[in-house]
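Below: the structure, in structure tokens.
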Amino acid sequence: AQKITQTQPGMFVQEKEAVTLDCTYDTSDQSYGLFWYKQPSSGEMIFLIYQGSYDEQNATEGRYSLNFQKARKSANLVISASQLGDSAMYFCAMRLQMDSNYQLIWGAGTKLIIKP
Amino acid sequence: DAGVTQSPTHLIKTRGQQVTLRCSPKSGHDTVSWYQQALGQGPQFIFQYYEEEERQRGNFPDRFSGHQFPNYSSELNVNALLLGDSALYLCASSYSRQGEFGEQFFGPGTRLTVL
């Protein structure tokens with residue numbers, strides 16, 4: 001069964017430090033995709049970064065990078081130089097289809113708090 | 001360019017009542033997905049609408065139904081509300097012909113409280 005596991009319910013990080021949020025996944029599919037979303041207290045899901053299972057290089061988007069280890073089925077999010085505005089819930093999600101009409105399976109999330 | 005909009009923002013209902021939530025997709029998008037997010041949990045996929053039809057459905061009872069209109073907007077209906085239906089309901093839109101990477105854009109959600 002497809003499943004996403006985020007083992008860190010909450011994290012406190014000092015401002016300007018790097019932070020790694022863990023995500024492991026379980027699927028028997030050969031083709032899949034992994035997303036990270038940020039959810040501020042306002043509730044809206046904000047897309048951060050995407051990694052396809054066949055992408056050979058780790059995805060990067062500005063201060064966000066995805067440490068993709070396919071054999072270990074992990075897709076950790078790394079935020080460099082954290083900022084106070086990074087405080088939010090972070091969700092890892094996996095797509096079940098590789099066409100545009102896909103559904104997402106989500107982890108339970110990690111609450112990240114950046115300390116000044 | 002307006003993003004995904006949802007209405008209402010908040011809603012309070014009592015057990016047994018019926019509720020309708022609305023979603024307008026981002027301009028140019030033709031697919032709408034609905035998710036339920038209980039407090040402290042990740043979202044759960046309810047269903048997805050494309051070309052005015054329900055194309056995929058998650059593990060939700062028939063009390064949850066939906067509709068998509070010709071302008072691609074969508075409604076989520078929940079009948080016979082239970083206390084456990086209290087959650088944030090998220091709508092996401094996407095474009096069906098975007099290929100492998102069709103990012104889903106999310107609305108701000110509707111917070112439903114069932115008393």
Side-chain angles (χ1 to χ4, degrees), chain A residues 1-10 21-25 29-55 59 61 64 66 88-111, chain B residues 3-6 8-10 23 25-26 28-51 53-60 68 72 87-112:
Chain A
Q2 285 93 349
K3 186 179 180 181
I4 292 283
T5 302
Q6 294 181 255
T7 58
Q8 305 153 310
L21 304 181
D22 295 340
C23 172
T24 58
Y25 60 92
D29 293 347
Q30 295 300 308
S31 297
Y32 51 89
L34 297 155
F35 294 81
W36 276 93
Y37 281 86
K38 172 184 178 181
Q39 187 178 42
S41 56
S42 60
E44 185 173 350
M45 286 289 184
I46 301 169
F47 166 76
L48 296 178
I49 198 166
Y50 171 79
Q51 180 87 39
S53 59
Y54 288 113
D55 294 339
E61 290 283 351
Y64 305 107
L66 201 152
M89 285 292 294
Y90 287 80
F91 290 94
C92 180
M94 179 169 61
R95 64 189 294 169
L96 298 188
Q97 297 89 6
M98 294 310 286
D99 56 34
S100 294
N101 291 342
Y102 59 87
Q103 60 173 286
L104 291 169
I105 299 295
W106 299 77
T110 295
K111 185 170 186 176
Chain B
V4 181
T5 60
Q6 292 186 244
T9 305
H10 294 86
C23 171
K26 182 179 170 65
H29 286 183
D30 57 6
T31 302
V32 173
S33 302
W34 287 92
Y35 295 86
Q36 180 196 65
Q37 185 180 17
L39 194 63
Q41 298 181 23
Q44 300 287 322
F45 174 75
I46 303 175
F47 44 51
Q48 182 182 86
Y49 276 84
Y50 170 64
E51 293 187 336
E53 291 186 359
E54 182 184 293
R55 288 303 181 96
Q56 301 182 64
R57 189 179 183 92
N59 188 24
F60 278 80
Q68 186 178 36
Y72 307 117
L88 178 69
Y89 287 84
L90 294 166
C91 168
S93 75
S94 54
Y95 178 52
S96 61
R97 291 175 176 78
Q98 201 166 341
E100 176 187 321
F101 180 59
E103 178 188 341
Q104 292 187 0
F105 289 79
F106 284 80
T110 293
R111 174 76 61 189
L112 172 64

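A note on names: the letters A, B, ... follow the listed sequences, proteins ahead of strands, and every chain is numbered from 1.
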Partner chain A: residue of Gly109(B), Gly42(B), Gly58(B), Gly40(B) with the largest heavy-atom pair count (under 4.5 Å) | Gly42(B)
Taking every non-hydrogen atom, the tightest pair across Tyr35(B) and Ser33(B) | CE1-CB, 3.8 Å
Hey, are the side chains of Leu104(A) and Pro43(B) touching, using non-hydrogen atoms and a 4.5 Å cut-off?
-> no
Answer with side chain, backbone, both or neither: which region of Gln6(B) has an atom nearer than 4.5 Å to a non-hydrogen atom of chain A?
-> neither
Student check: side-chain heavy atoms of Thr9(B) and Pro108(B) closer than 4.5 Å | no
Measure the shortest side-chain to side-chain distance between Gln104(B) and Gln48(B) over non-hydrogen atoms and say whether it is less than 4.5 angstrom.
-> yes
Turns out that what part of Gln39(A) lies under 4.5 Å from chain B's heavy atoms comes down to side chain
